[in-house]
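Each ligand, and each atom within it, is numbered from 1 in the order the structure gives. All figures in this text were calculated on a predicted structure; none of them were measured in a lab.
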Amino acid sequence: MNADSRTRLDQTSEWAALSKHREQLGEVQLRDLFAADPARGTAYTLQVGDLHIDYSKHLVTGETLTLLRELAAATDVFGLRDAMFRGEKINTTEDRAVLHTALRAPRDAVIEVDGENVVPAVHAVLDKMSAFSERVRSGEWTGHTGKRIKNVVNIGIGGSDLGPAMAYEVLRSFTDRDLTVRFVSNVDGADLHEAVRDLDPAETLFIIASKTFTTIETITNATSARDWLLTGLKADQDAVAKHFVALSTNAEKVSDFGIDTANMFEFWDWVGGRYSYDSAIGLSLMIAIGPDRFREMLDGFHLVDEHFRTAPAESNVPLLMGLLGIWYGNFHDAQSHAVLPYSHYLSKFTAYLQQLDMESNGKYVGRDGKEVGWQTGPVVWGTPGTNGQHAYYQLIHQGTKLIPADFIGFAEPVADLLPGLVAQHDLLMANFFAQTQALAFGKTPDEVRAEGVAEELVPHKTFKGNHPTTTILAKSLTPSVLGQLIALYEHKVFVQGAVWNIDSFDQWGVELGKVLAKRVEPALTEGAEVPDLDGSTTALVAKYRDLRGR
Ligand code: F6P
């Protein structure tokens, strides 16, 4: 379906039907939905791979789901999905294919971009990464002085940082614990300082991760890291080859920086930055967990890719998750979406999803070049659940906003947890189950009174409930399960972008700030006059210079 010719979303009959249905449902109560259908807790569930998905605690009926699927059909979500998997250039504003799914395709798959099968190149890079990882892990790859590499520092930002940094945390129990792996992203020198201050340069490998190899934060940090290394080793440029490798699509810039392109791990312009950690961008992770575990993770991604590609609408989990988000964002005015993992290892998971979701779908212009007239991507937020319970859950339970949330938990603690800590897992998971129960069903005034609560406190202790949640439960947090989870969210974001008719794969909105920072910097350092600088910024720059004694 052509993006320009399709009927505006809010003028489709399917949109109108959903609006009407929303009015008819009114303030439907989860308590009533469960009372009316005792099987709801098992009927409203799906399984994909190792992930059990419970969507029973949503403000939906069978009719809601049918109408949402009709909206997906009317907006040809599956048509665009197929075009993506076929390698068509669905990122129209950049004229690029969108093929992160090819990064985890099996060796014998055939996926063509401009008539060329990209799968052999994907596997050639994976093989090169595997060989390099093994050399580092085994100690065969040594630094300039002949010392074994004990520290790996990934320097990158956005998609060249968040993915591997998140996955390294998630899979810590699978990592080589003798290796120190750190991630530097912020151009604030404090980030690099804290990452290297206790490291021996002779034992340190820097991985410079940048799709474009022009990102100012990354190139600045990489340059500083190179200075730190050469100063520490009292060596010249020759030492760089044993301590710096690059992950990029831009061989020319890598070479300009002084990194031998033999030590460059390539990826391609059809991999978006925020969809790239299963490409060469995952090298730090692969060194940490080993190539076999990395490939298990890729298999997990692929499993969900295949599910998304082939499962019928009724049982297609990314489709369902995307449509539920549309139900709340477009028909209940929900502004945000919380992702609340009940695993300490998922502490960076939501930060990763913020880029995936908000950089993809934070857009007000449609694929037809016109302003959309409907809400698009939500604010995605959240931290590990138990900590959140003692911080912001108050607002979710008793605030005035509707905040749909995903709860993610695991039946088993990680395998290498100290035996004395294993018992804590049931307490963690008791909280996991209790919270979605409380959010859905709340506590009525009568239930509060029955506890003998003084009448004036009854309103304060009443929980209206009716807060929708999805529960995602798996047996354990393995590399494959991580891949499954990430692919699930990637495709959920895809579904929403397709319905909203936006290009989920460009990110023009980050450009203006970059350009302005370049213009303003000379004003800070040299007091240079910046033409057309607004009054507020001019005064702030003057204040800054004053505070710096300039
Ligand atoms: O600023 C946005 C962005 O372009 C992201 O999309 C990307 O992940 C990040 O910057 C880093 O870009 P690069 O990998 O080219 O350094």
Would you tell me which option among Glu511, Lys514, Glu359 has the nearest heavy-atom contact to atom 6 (O) of ligand 1?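 The option holding the nearest heavy atom is Glu359.
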
Show, in sequence, the C-alpha distance, side-chain angles and deciding distance for Glu490 and Arg104, and conclude whether the salt bridge (Lys or Arg N to Asp or Glu O under 4.0 Å) test is met. CA-CA 13 Å; Glu490 285 177 348; Arg104 51 264 190 158; 2.6 Å; yes

Could you list the atoms of ligand 1 found under 4.0 angstrom from a heavy atom of Gln355?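 The list of qualifying atoms is 5 (C), 6 (O), 7 (C), 8 (O).
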
As an exercise, identify every atom of ligand 1 less than 4.0 angstrom from a heavy atom of Ser160.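 Counting atoms of ligand 1 from 1, those under 4.0 Å from Ser160 are 13 (P), 14 (O).
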
Quick one: look up the protein heavy atom nearest [atom] and list residue, atom name and how far away it is.
atom: atom 8 (O) of ligand 1; result: Gly159 N, 2.7 Å
atom: atom 12 (O) of ligand 1; result: Thr215 OG1, 3.5 Å
atom: atom 9 (C) of ligand 1; result: Ile157 O, 3.6 Å
atom: atom 15 (O) of ligand 1; result: Thr212 OG1, 2.6 Å

Just checking, is any N or O donor in the side chain of Thr525 or Arg550 under 3.5 Å from an acceptor N or O on the other one?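 Arg550 and Thr525 do not have a side-chain donor-acceptor pair below 3.5 Å.
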
Centroid-centroid under 6.0 Å between Phe410 and Tyr342 rings: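 They do not qualify: ring centres at least 6.0 Å apart.
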
Pair Trp500, Asn330 - check side chain to side chain donor-acceptor pair (under 3.5 Å), show working. CA-CA 10 Å; Trp500 291 323; Asn330 297 111; 2.8 Å; yes

By the definition ring-ring contact (aromatic ring centres under 6.0 Å, His included), identify the one residue from Phe183, Tyr168, Phe267, Phe301 that meets it with Tyr277.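 Result: among Phe183, Tyr168, Phe267, Phe301, Phe301 is the only option passing the ring-ring contact (aromatic ring centres under 6.0 Å, His included) with Tyr277.
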
Can you tell me which portion of Val510 lies within the under-4.0 Å heavy-atom range of ligand 1? Options are side chain, backbone, both, or neither.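 Contact part for Val510 vs ligand 1: side chain (C-beta onward).
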
Which segment of Gln507 sits under 4.0 Å of ligand 1 when only heavy atoms are counted: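 Answer for Gln507: side chain.
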
Closest non-hydrogen atom pair between Thr204 and Leu229, with its separation: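 Of all heavy-atom pairs spanning Thr204 and Leu229, the closest is O-CD1, 4.3 Å.
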
Decide, yes or no, whether a salt bridge links Arg197 with Asp191 under the criterion of side-chain N to carboxylate O below 4.0 Å.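 Looking at Asp191 together with Arg197, the answer is no, because their closest N to O distance does not fall below 4.0 Å.
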
